[in-house]
Amino acid sequence: MNPTASRRLRANLLLLLASAIWGFAFVAQRVGAESVDAFTFNAARFALGAVALLPVVWWLDRRRRVPRPIRALATRAAVLPGLVAGALLATAVGLQQVAMSHTTTGNAAFITGLYMVVVPVLAAFRGHRSSWTTIAGIALALVGLYFVAIRDGFSIGFGDAIVLVSTIPWALQILVVEHYAKRVSALRFSISQFLWCAALSALAAPLLDARPFAGLGAGLVPLLYGGLLAVAVAYTLQVVAQRDALASHAALIMSSESVFGALGGALLLSESMGVRGYFGATLMAAGIALTQWRTEPAPSAAVTKDERLRSLT
């Protein structure tokens with residue numbers, strides 16, 4: 001195997017590991033929702049994740065011998081973009097976490113994955129033309145959504161509806177990150193938006209949580225997983241992997257996050273989506289993957305949560 005192929009294989013494996021961590025994070029969120037209210041949970045886990053990433057930035061700066069004025073300039077440049085992305089992120093994860101008390105892990109994972117479908121739809125309003133694969137993928141994902149979430153009488157459960165609404169701020173956040181991705185330091189941007197997300201979630205907790213800042217001890221394990229693994233470790237793996245991975249491969253691999261979410265719910269929480277649900281989930285996964293399929297080389301575009309296609313800068 002030539003060196004380039006070897007690096008890409010390693011990158012793809014790292015991305016698969018990151019996707020598995022993100023997928024199983026739905027289990028942590030589901031368990032955490034039993035003891036910690038939504039915005040308190042998000043404030044704690046994103047603050048923890050941001051703080052855990054600080055040593056990574058320090059180590060990279062030291063390794064590259066980046067001068068202090070350049071480090072300070074890069075940090076200041078990430079503040080405002082981080083605020084915009086962090087506000088959208090706080091909205092998206094807030095809605096998602098509220099929904100976790102009212103839906104299954106599998107449903108939440110697959111419906112959340114529809115943000116990949118919403119992104120090209122929103123991009124179309126900005127004049128971006130969609131390929132036939134994107135259009136076919138959107139249609140397939142919507143049919144899958146019907147089997148996963150729509151009940152008799154053409155109704156949708158409260159939790160599933162909230163998760164579905166959350167795909168809009170997820171998609172908007174992706175487009176915001178796409179706009180700033182090549183303008184600011186990737187890791188500093190991540191830390192900035194995670195800190196803003198944590199701060200805004202903390203401000204929302206007294207207003208929207210029934211028991212603000214309570215239950216953190218009881219929810220320590222899911223908080224540690226959600227903060228250290230799902231935020232700090234997985235995002236760092238992604239940043240490292242994106243140096244060598246092809247953008248189209250990365251998008252397809254990271255769409256497996258939904259599958260891992262459903263798998264985690266089945267293995268750890270004994271949840272079942274039923275024959276109808278699994279059939280719909282299969283259609284959704286295929287549709288999501290199809291929207292990311294490139295029939296010809298295309299410039300890298302943000303197609304996943306929190307840029308998902310970031311490079312170190």
Could you check whether any side-chain heavy atom of [X] comes within less than 4.5 Å of a side-chain heavy atom of [Y], counting everything from C-beta outward?
X	Y	answer
L224	L220	yes
F194	V51	no
V148	Y278	no

Rounded at 0.5 Å granularity, tell me how far [atom1] in [X] sits from [atom2] in [Y].
X	Y	atom1	atom2	result
L145	L140	CG	CG	11.5 Å
R8	L13	CZ	CG	14.5 Å
L228	L48	CG	CG	4.0 Å
L283	L142	CG	CG	11.0 Å
L60	W58	CG	CH2	10.5 Å
T75	L187	OG1	CG	11.0 Å

Mind listing the closest non-hydrogen atom pair of [X] and [Y] along with its distance?
X	Y	value
A234	A230	CB-O, 3.5 Å
S190	L53	CB-CD1, 4.4 Å
F26	Q96	CE2-NE2, 3.5 Å
D209	P212	O-CD, 3.5 Å
A202	P206	O-CD, 3.1 Å
V31	P222	CG1-CG, 4.3 Å

Under 4.5 Å between side-chain heavy atoms, counting indirect links through other Ile/Leu/Val/Met/Phe/Trp/Tyr residues: same cluster for [X] and [Y] or not?
X	Y	answer
V231	L195	yes
V163	V143	yes
F46	L88	yes
V184	W196	no
L17	L268	yes

Steps toward side-chain contact (heavy atoms from CB on, under 4.5 Å) verdict (R10, R7): CA-CA 5 Å; R10 183 181 75 99; R7 288 197 303 271; 5.6 Å; no
Donor-acceptor pair, [X] side chain versus [Y] backbone, under 3.5 Å?
X	Y	value
T112	A109	no
T105	G261	no
D61	V66	no
S192	R188	no
N107	D160	no
T91	A87	yes
S201	A198	no
E257	G113	no

Within 45° of the axis and under 6.0 Å from the centre of the six-membered ring of Y225, does NZ or CZ of R45 qualify? no
Mind running side-chain contact (heavy atoms from CB on, under 4.5 Å) on F39 and L200 for me, showing each step along the way? CA-CA 9 Å; F39 291 92; L200 293 172; over 6 Å; no
Tell me whether the rings of [X] and [Y] are parallel (<30°), tilted (30 to 60°) or perpendicular (>60°).
X	Y	value
F24	F260	tilted
W170	Y115	tilted
H102	F158	perpendicular

Quick one: do F147 and M284 satisfy side-chain contact (heavy atoms from CB on, under 4.5 Å)? Show the steps, please. CA-CA 9 Å; F147 286 101; M284 290 177 72; over 6 Å; no
Step-by-step side-chain contact (heavy atoms from CB on, under 4.5 Å) determination, I111 to T103: CA-CA 11 Å; I111 296 174; T103 188; 5.7 Å; no
